[in-house]
Amino acid sequence: MSYTVLARKYRPQKFSEVIGQEHVTRTLQNAIEQGRTAHGYIFSGHRGIGKTTVARILAMALNCRSKDHPVPEPCGVCESCTEIRAGNAVDVIEIDAATNRGIDEIRELREAARYRPARDRFKIYILDEAHQITDAAFNALLKTLEEPPDHIVFMLATTQPEDFPQTIRSRCQHFSFRAVKFDDIVTQLRDLLTREKIDADDDALALLAEAGDGSMRDALSILDQAIASSTGKLTADSVRNLVGAAPAHILEQVMQAVSESKSEEILRQVDHLISEGHSPTHFARQMVRFLRNATVAKIAGKNSTLLQISNEERERVARVADLFGEEDLTRHLQIMLRTHGELGYKQEQRFHLELGLLKMAHAQKLLPIEQLLSDVSAAPPANAQRPLAKPSIVGSQPPAGTRTEQPGRPNYVSPFAADSARKGTPRQEDSGLTVPAPGPRILAQASQPEPVIMGSAAPATAPQPDAEPLSDRRDVASYVSADAATVAVQTPQLAEQPQPSPAIQTSEDQIEKLRAAVLQALGDGNQNFLASLLSGGEWSVQGNELVIKIAESQTVLDMSLGNDAKRLAIGSASGVLGRAVKLKVVPGASVVSQPKRNGGPPSSPGVGGRGRAEQDPIVRRMREKFGAEIRTVIDYRDKR
């Protein structure tokens, strides 16, 4: 008699012998007991986990002749059970749907389904790999599958249920089979080896179960091969050599070298494996599994049920998990997953494997961006010996003898707070930081005597006759925006809070100087149209704002007032007033013509084209006689 492989020799013949699919067998048995069997079933799941086996057992249970009705557990000795087990039952037809997948075969099946079974209760069709059936063939089967005769039962086994049309799935009961657990495979293998009277190490059984990857049939096939290759007792080394797996201690040594950033040791280990004939793809797959188990051990502990490995392997992954943090293990796993995917289609697989392992070694040197920002922010200033002055208002001189030292991180300003302050929406990030009232910008002023204007309010060309070198200004670290409350560093020794400066009265002479400077800056910046608009408006300084009311509409203002023009106007105004100011242009206002001072013209000569036009005698006579208004001035001198 020819030899029968273990997968067929020990194939389950009853529902109770099926392992790992209790949710399916229990439901089918209850349905038989209650007389609620369906006319169509879909069995889906991983390969080698019992789909076709359960279909045969269900066929035996439905046609078992031990009683006059279906039984929840087939007897296995009657004619129907023995014929179904042998595969020669007349009324149980097994069809390989991968071969018989066309519409013609389905038409023949549909015609044969009209006839009653020859002997048994039901005529049962078992279609293996049913996802291979074409769409046209499925459509031909729809009507029969929806309203079959009472004596017909369809069982469709597949590994890809998503390829089934929804119309087919909705007409059948769908049972999803699960991958067999690691412990269940080990137990089943040990039981079969006991029946075969073969000794085996526990590590060898663990390797077989791991190689099975949730498939009982795959594990039994490898076990058959391992028994044939062994000379007696089944050992872990013989199984490892058979499946081509690298020794487990090699994986641990590689990760040890990664933790110590020993690139040479990593390359030596790879060279040793390649010289012994190991496949780079297989080793990368092992490394992916090993890193996954190490990550699980780091997160859930080495005794977690999520680890489907032997006890020796649990200790090994636990030691590796202690060498790395959770983020490092996650990064290494991602690198190896990408490397394993690339090895499938890349040439020179060894080089790509070495590159992936070296990436893991260099990844140890990477720092989280949060830690990097924290270290940079916490770094001491360039001149740590210099004491820092208390915060003061920009442009004011610090009183003598008021130097204080800041505790901890004196010049620290969160980059988020600095960005928010720059945008005018400051945020308070530390309970030890106080929020002063709105006002001029506040600086942690160093020893320089000159005023400092920061941000968008800084003048384009601020006069600094006594400017110090740039290196003397490195202590300026924190600032506060002019239009909202912002962060200012406070010290325990600071007795008085800096008070905002009172409203500064601006005389008409300053307004005229301010007007002349702003218009001159706009003219020099080739913003002549905007200068002509603003020159006819009402100018005033309200606190820290330069307010200009013009009669033109908002649309005209948006077209003429750009960011460059606004920066020029703010810079020149801040330079004239000696403090940071904002620009506010109010369109569509009722502008009252400015009276002439001392009977003279309203603006100084030579300011721009509008100023010259206002001083022209013909223009002045036209304005006096007809009440005309100058709307637009085109200076042809700029076009020469």
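Just so you know, these numbers come straight off a predicted model, no measurement behind them. In what follows, every heavy atom counts, from backbone to side chain, and hydrogens, waters and symmetry copies are set aside.
- Checked by atom type and distance alone, the side chain of R217 never pairs as donor or acceptor with a backbone atom of R47 at under 3.5 Å.
- With a 4.5 Å cut-off on side-chain heavy atoms, F154 and L109 count as touching.
- A salt bridge links R350 and D271; the closest N-O separation between the charged side-chain nitrogens and carboxylate oxygens is under 4.0 Å.
- Each of K51, H131, E129 was checked for a side chain to side chain donor-acceptor pair (under 3.5 Å) with T158, and the lone residue meeting it is H131.
- Remark: the backbone N or O of K233 is not paired with any side-chain donor or acceptor of S230 at under 3.5 angstrom.
- Proximity of a side-chain donor or acceptor of Y41 to a complementary backbone N or O of A38 within less than 3.5 Å is detected.
- Between the side chain of S238 and the backbone N or O of L234 there is no donor-acceptor pair closer than 3.5 Å.
- The minimum heavy-atom distance between P161 and R169, with the atom names listed, is O-CD, 3.8 Å.
- Put simply, the side chain of R85 gets close to the backbone of G76: a donor and an acceptor are under 3.5 Å apart.
- Contact annotation: the side chain of V71 never approaches that of I32 to less than 4.5 Å [non-hydrogen atoms, C-beta and beyond].
- Taking 4.5 Å as the limit, every side-chain heavy atom of E326 sits out of range of all side-chain heavy atoms of L329.
- Ion pairing of R289 with D213 is present here, as a side-chain N (NZ or NE/NH1/NH2) and a carboxylate O approach within less than 4.0 Å.
- Between M255 and L251, the closest side-chain pair of non-hydrogen atoms is not below 4.5 Å.
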Which is it for E147 and K143 under the salt bridge (charged side-chain N to carboxylate O under 4.0 Å, His left out) test, yes or no, and what are the steps along the way? CA-CA 6 Å; E147 297 178 356; K143 188 61 178 179; 3.7 Å; yes

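- Proximity of L6 to L223: side-chain heavy atoms (C-beta onward) are separated by under 4.5 Å at one or more points.
- In the displayed structure, N88 atom CG is contacted under 6.0 Å by more than 12 heavy atoms of other residues, nucleotides or ligands.
- Between the side chains of E348 and H352, not a single donor N or O lies within less than 3.5 Å of an accepting N or O.
- Legend: side chain to side chain donor-acceptor pair (under 3.5 Å) pairs involving residues 190-200, not counting sequence neighbours, sorted by first then second residue: K9-E196, Y10-E196, R190-D202, D191-R195.
- Contact annotation: the side chain of F43 never approaches that of D128 to less than 4.5 Å [non-hydrogen atoms, C-beta and beyond].
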Going through the checks in order, is the salt bridge (charged side-chain N to carboxylate O under 4.0 Å, His left out) test met by R240 and D237? CA-CA 5 Å; R240 187 176 291 110; D237 292 337; 3.2 Å; yes

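- More than 12 heavy atoms of other residues, nucleotides or ligands lie within 6.0 Å of CD in Q160, so this atom counts as buried by the packing criterion.
- No donor-acceptor pair under 3.5 Å is formed between the side chain of S304 and the backbone N or O of G301.
- At a threshold of 4.0 Å, the pair E73-K14 does not count as salt-bridged, since none of the basic side-chain nitrogens sits closer than that to a carboxylate oxygen.
- D91 places a side-chain N or O within donor-acceptor distance of the main-chain N or O of A118, the cut-off being under 3.5 Å.
- E265 has no carboxylate O lying under 4.0 Å from a charged side-chain N of R268, or vice versa, which leaves the two without a salt bridge.
- Checking H362 against S261 by side-chain atom types alone, no donor-acceptor pair falls below 3.5 Å.
- In summary, the side chains of S221 and D218 do not present any donor paired with an acceptor at a separation below 3.5 Å, with no hydrogens or angles considered.
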As a quick check of understanding, evaluate side chain to side chain donor-acceptor pair (under 3.5 Å) for D120 and S80, giving each step before the final call. CA-CA 7 Å; D120 298 329; S80 296; 2.8 Å; yes

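- Using a distance-only test at 3.5 Å, with no hydrogens or angles considered, no donor-acceptor pair links the side chain of E312 to the main chain of I309.
- In the displayed structure, Q166 atom CD is contacted under 6.0 Å by more than 12 heavy atoms of other residues, nucleotides or ligands.
- For R178, the CZ atom counts as loosely surrounded, since its 6.0 Å shell holds 12 or fewer non-hydrogen atoms of other residues, nucleotides or ligands.
- Looking only at distances, a side-chain donor or acceptor of S229 sits under 3.5 Å from a matching main-chain atom of Q225.
- Of all non-hydrogen atoms in R121 and C64, the two that sit nearest each other are NH1-O, 2.8 Å.
- In the displayed structure, E264 atom CD is contacted under 6.0 Å by at most 12 heavy atoms of other residues, nucleotides or ligands.
- Residues H46 and S215 share a closest heavy-atom pair of CD2-CB, 4.2 Å.
- The shortest side-chain heavy-atom distance between T144 and I152 does not fall under the 4.5 Å cut-off.
- The two residues F283 and A246 come nearest to each other via the heavy atoms CD1-CB, 3.9 Å.
- For the 3.5 Å distance criterion, the side chains of Q253 and Q269 qualify, holding a donor opposite an acceptor.
- Between the side chains of E252 and Q256, no donor-acceptor pair of N or O atoms lies under 3.5 Å.
- With a 4.5 Å cut-off on side-chain heavy atoms, T295 and K298 do not count as touching.
- Between the side chains of T281 and Q349, a donor-acceptor pair is found at a separation under 3.5 Å.
- The closest donor-acceptor contact from the side chain of Q188 to the backbone of D184 lies at 3.5 Å or more, if one exists at all.
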The test is ring-ring contact (aromatic ring centres under 6.0 Å, His included); show your working for F324 and H332 and say whether it passes. CA-CA 10 Å; F324 304 94; H332 296 335; 5.2 Å; yes

